[in-house]
Student: 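Have a look at this one before I ask anything.
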Amino acid sequence: MLTLDLPTEPYWLDLPRGVRVEIRPVTTAVMAAAQAAAARRLAAIRVADPDLDPDMSRGLSFAFLVKALARHAVTAWEGVGDTGGKPLPLSPEAVERLMDLDDIAAAFWDRATAPVATVAAEGNG
């Protein structure tokens, strides 16, 4: 039997370096929007560089997907500041810059997609 115990309300994720982000649940709509945005960005690069290295293509694909998921899911954050230490306001551009940090991006992906992955691993998905 399928157990529907996925989050339905926004919740906080603890990330490396003292960063916390509040995200809306990663639903089918949120993930589909992220995948579409990432695919468009990668397609534009492939048009500009048809000889793009396959490994770089895979890396860009994942980076664009993580950034798009964060843009669509993150609703608030804590622990992110400017060079003077002043809290940085949440914006799509700032979220993308945060996801340029590999350790942050990897932790965000793992923790944001964990509820769905857990259901699938239990044989519920």
Side-chain angles (χ1 to χ4, degrees):
M1 173 181 353
L2 175 65
T3 305
L4 292 177
D5 58 351
L6 298 172
T8 58
E9 299 294 326
Y11 58 97
W12 287 90
L13 299 176
D14 292 322
L15 301 176
R17 306 185 199 201
V19 172
R20 293 181 74 218
V21 294
E22 182 185 56
I23 67 167
R24 62 180 43 96
V26 179
T27 62
T28 301
V30 171
M31 186 58 81
Q35 290 170 335
R40 281 192 306 277
R41 287 179 79 173
L42 185 58
I45 289 178
R46 285 185 173 150
V47 166
D49 183 3
D51 297 323
L52 183 65
D53 176 77
D55 290 334
M56 182 57 76
S57 180
R58 281 187 286 282
L60 287 169
S61 179
F62 181 70
F64 292 155
L65 181 57
V66 171
K67 288 178 179 190
L69 179 59
R71 276 196 331 268
H72 290 348
V74 174
T75 58
W77 65 9
E78 297 174 350
V80 180
D82 63 17
T83 56
K86 181 180 172 188
L88 194 63
L90 182 68
S91 71
E93 298 79 19
V95 167
E96 285 212 5
R97 287 197 326 258
L98 180 65
M99 293 302 136
D100 279 332
L101 302 171
D102 186 57
D103 59 332
I104 298 282
F108 172 78
W109 178 262
D110 289 347
R111 293 169 190 163
T113 61
V116 175
T118 300
V119 169
E122 292 174 351
N124 289 330

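Here the structure is a predicted model, which means the values were calculated and not measured.
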Student: Among the clusters formed by ILVMFWY side chains lying less than 4.5 Å apart, do Leu42 and Met99 turn up in the same one?
Tutor: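 No, separate clusters.
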
Student: Is there side-chain contact between Glu22 and Leu90, with at least one heavy-atom pair below 4.5 Å?
Tutor: no

Student: Using every non-hydrogen atom in the two residues, find where Ala38 and Ser61 come nearest and quote the distance to one decimal.
Tutor: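 Nearest pair, atom of Ala38 first, then Ser61: CB-O, 4.4 Å.
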
Student: In residues 63-72, what donor-acceptor pairs under 3.5 Å come from side-chain atoms, sequence neighbours left out?
Tutor:
from	atom 1	to	atom 2	distance (Å)
Lys67	NZ	Asp100	OD1	2.5
Arg71	NH1	Glu96	OE2	2.3

Student: Determine the minimum heavy-atom distance between Val30 and Ala73, stating which atoms define it.
Tutor: CG1-CB, 4.4 Å

Student: Which heavy atom of Thr75 sits nearest a heavy atom of Ile23, and at what distance?
Tutor: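 Looking at all heavy atoms of both residues, the closest pair is OG1-N, 4.2 Å.
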
Student: Can you tell me how far apart OG (Ser57) and CG (Leu52) are? Round to the nearest 0.5 Å.
Tutor: 5.0 Å

Student: Donor-acceptor check, side chain of Arg111 to backbone of Asp14, threshold 3.5 angstrom: yes or no?
Tutor: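 A pair under 3.5 Å: yes.
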
Student: Which heavy-atom pair separates Pro7 from Pro115 by the least distance, and what is that distance?
Tutor: CD-CB, 3.7 Å

Student: Taking C-beta and beyond as the side chain, do Phe108 and Val74 meet within less than 4.5 Å on heavy atoms?
Tutor: yes

Student: So, taking the atom named CZ in Arg17 and the one named CG in Asp103, what distance separates them when rounded to the nearest 0.5 Å?
Tutor: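 Taking CZ in Arg17 and CG in Asp103, the distance rounds to 4.0 Å.
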
Student: Might you point out which heavy atoms bring Trp109 and Thr113 nearest each other, and give the distance in Å?
Tutor: O-OG1, 2.6 Å

Student: Would you please name every residue forming a ring pair (Phe, Tyr, Trp, His ring centres under 6.0 Å) with Trp12, sequence neighbours left out?
Tutor: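 By the ring pair (Phe, Tyr, Trp, His ring centres under 6.0 Å) rule, Trp12 matches no residue at all.
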
Student: Any side-chain heavy-atom pair from Leu60 and Met56 closer than 4.5 angstrom?
Tutor: yes

Student: Distance from Leu88 atom CG to Glu93 atom CD, nearest 0.5 Å?
Tutor: 10.5 Å

